[in-house]
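Chain naming here is simple, since letters A, B, ... match the order of the sequence lines and numbering starts at 1 in each.
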Number of protein chains: 2
Amino acid sequence: MTQEKEVYYDYLSSKNIKHSKQRENILDVFLNAEEHLTIQELFEIVKKENKNVGVATVYRAMKIFCDAGLADEINLGDGNKRYEHKYNHKIHSHLICVKCGKLIEFCDERMEDIQSDVCSKFNFEPRDRRLQIYGVCEFCKDK
Amino acid sequence: MTQEKEVYYDYLSSKNIKHSKQRENILDVFLNAEEHLTIQELFEIVKKENKNVGVATVYRAMKIFCDAGLADEINLGDGNKRYEHKYNHKIHSHLICVKCGKLIEFCDERMEDIQSDVCSKFNFEPRDRRLQIYGVCEFCKDK
DNA sequence: CTATGTGCAAATGATTTGCAACGCG
DNA sequence: CGCGTTGCAAATCATTTGCACATAG
């Protein structure tokens with residue numbers, strides 16, 4: 001069993017939440033997705049395997065996965081919430097192309113220094129962080 | 001006349017957009033606001049001075065101000081879009097308290113280095129940047 | 001058996017749009 | 001006068017919620 005599933009089952013028992021086929025389907029689709037999908041996109045994929053699933057269930061499930069620490073909401077500025085994997089992933093940052101919407105992830109260890117400096121300055125206890133750089137990617141630049 | 005207004009009038013003429021009393025009211029409220037207001041908040045304030053204004057006009061106006069480079073949308077994660085001043089402001093970052101919603105702005109020059117390094121690595125042309133650090137502020141920590 | 005989960009449809013809330021009237025230039 | 005702008009209400013879109021039924025433990 002994957003570590004993510006372990007985290008999920010632990011979370012379920014710690015919160016007295018029952019298992020369900022639908023939520024399990026949704027989790028599998030989410031965990032196997034390479035990209036950052038919207039609720040609608042997750043819903044379309046899940047529906048292919050299990051025709052009787054409502055969007056509401058996808059909303060409810062993603063909320064649980066976020067609480068469990070497996071997923072994280074991100075907002076790329078196109079007006080749609082998307083979800084990314086959180087468990088066991090380093091905090092990373094995003095380059096977002098404003099022309100084609102392409103997303104590049106990166107990680108720079110200097111961010112940690114900046115965060116700890118500014119947080120101690122303001123006596124702030126950090127929990128999470130997001131960095132997005134908007135611009136034009138190499139392919140769109142040439143056009 | 002403030003620099004912001006100059007930018008605004010220049011933008012209007014460059015795009016063949018007419019002046020209007022309502023939009024001018026909205027711009028004044030936006031420019032005088034210390035905090036990052038939502039559309040609804042801007043709307044409430046404008047309505048006090050000019051009873052006959054519709055929300056739609058506020059939406060349309062803020063879109064123009066963003067295009068003109070005077071305003072910027074920000075999303076603090078509470079589900080509400082807010083607007084901040086953009087013209088002549090250094091790119092800054094936000095500490096956001098997840099308990100009380102308080103917003104602290106800061107600016108760290110090391111961000112520029114990180115941005116230029118990662119952008120040259122991916123051949124990416126940066127235009128704008130956002131950094132949000134979520135956590136608990138000094139006042140909420142003690143509770 | 002009992003509490004929780006589900007699908008559906010209706011409710012909500014934010015934002016957009018169509019339209020006839022209005023007003024800037 | 002002519003075209004962009006406005007307020008209003010209706011339309012749209014994402015998300016949430018109430019409820020009767022299904023199901024896990």
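Taking atom NZ of residue Lys47(A) and atom C1' of nucleotide dT6(C), one finds them 16 Å apart after rounding to whole Å. The distance from atom CD of Glu44(B) to atom P of dA14(C) is 11 Å, rounded to the nearest whole Å. As rounded to whole Å, 15 Å separates atom C1' of dA14(C) from atom CG of Leu42(B). Atom pair Tyr9(B):OH and dC24(C):C1' shows a separation of 13 Å (rounding to whole Å applied). What separates CG of Asn50(A) from P of dT6(C) is a distance of 11 Å, to the nearest Å. If you take NE2 of His19(B) and P of dC3(D), they are 19 Å apart, rounded to a whole angstrom. Distance, Lys51(B) NZ to dC8(D) C1': 16 Å, rounded to whole Å. Taking atom CD of residue Gln22(B) and atom P of nucleotide dG23(C), one finds them 9 Å apart after rounding to whole Å.
Closest to the side chain of Ala56(B), from the set dT17(C), dT4(C), dG23(C), is dT17(C). The side chain of Asn52(B) has dC8(D) as its nearest neighbour among dG4(D), dG5(C), dC8(D). Across dA9(C), dG5(C), dT16(C), the shortest atom-to-atom separation from the side chain of Tyr59(B) is found for dT16(C). Comparing dT16(D), dG2(D), dG5(C) by their closest approach to the side chain of Lys63(A) singles out dT16(D). Proximity note for Ile39(B) (side chain, C-beta onward) versus dC8(C), dG4(D), dT15(C): the nearest is dT15(C).
Of the N and O atoms on the side chains of Asn123(B) and Lys141(A), at least one donor lies less than 3.5 Å from an acceptor on the other residue. Side-chain contact of Arg129(A) with Gln132(B): a donor-acceptor pair under 3.5 Å is absent, judged by distance alone.
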Audit row: Phe106(A), His94(A), ring-ring contact (aromatic ring centres under 6.0 Å, His included) steps and yes/no: CA-CA 6 Å; Phe106(A) 71 94; His94(A) 294 140; 8.4 Å; no
Test salt bridge (Lys or Arg N to Asp or Glu O under 4.0 Å) on Glu41(A) and Arg82(A) and set out the steps. CA-CA 9 Å; Glu41(A) 289 164 342; Arg82(A) 292 170 182 278; 3.4 Å; yes
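Within the 4.0 angstrom heavy-atom criterion, only backbone atoms of the sugar-phosphate kind lie near Val53(A); the bases stay farther away. Among the heavy atoms of the strands lying under 4.0 Å from Arg60(A) is at least one base atom, whether or not backbone atoms are also near.
Residue side chain Lys81(B) does not reach the base of dA14(C) through any donor-acceptor N/O pair under 3.5 Å, judged by distance alone.
Residue Lys18(B) is the one, among Val55(B) and Lys18(B), whose nearest nucleotide of DNA chain D lies closer to the 5' end (criterion: closest heavy atom).
Under the 6.0 Å cut-off for aromatic ring centres, Tyr8(A) and Phe65(A) qualify, their centroids lying closer than that.
The shortest distance between the side-chain N/O atoms of Ser20(A) and the OP1/OP2 oxygens of dT6(C) is below 4.0 Å.
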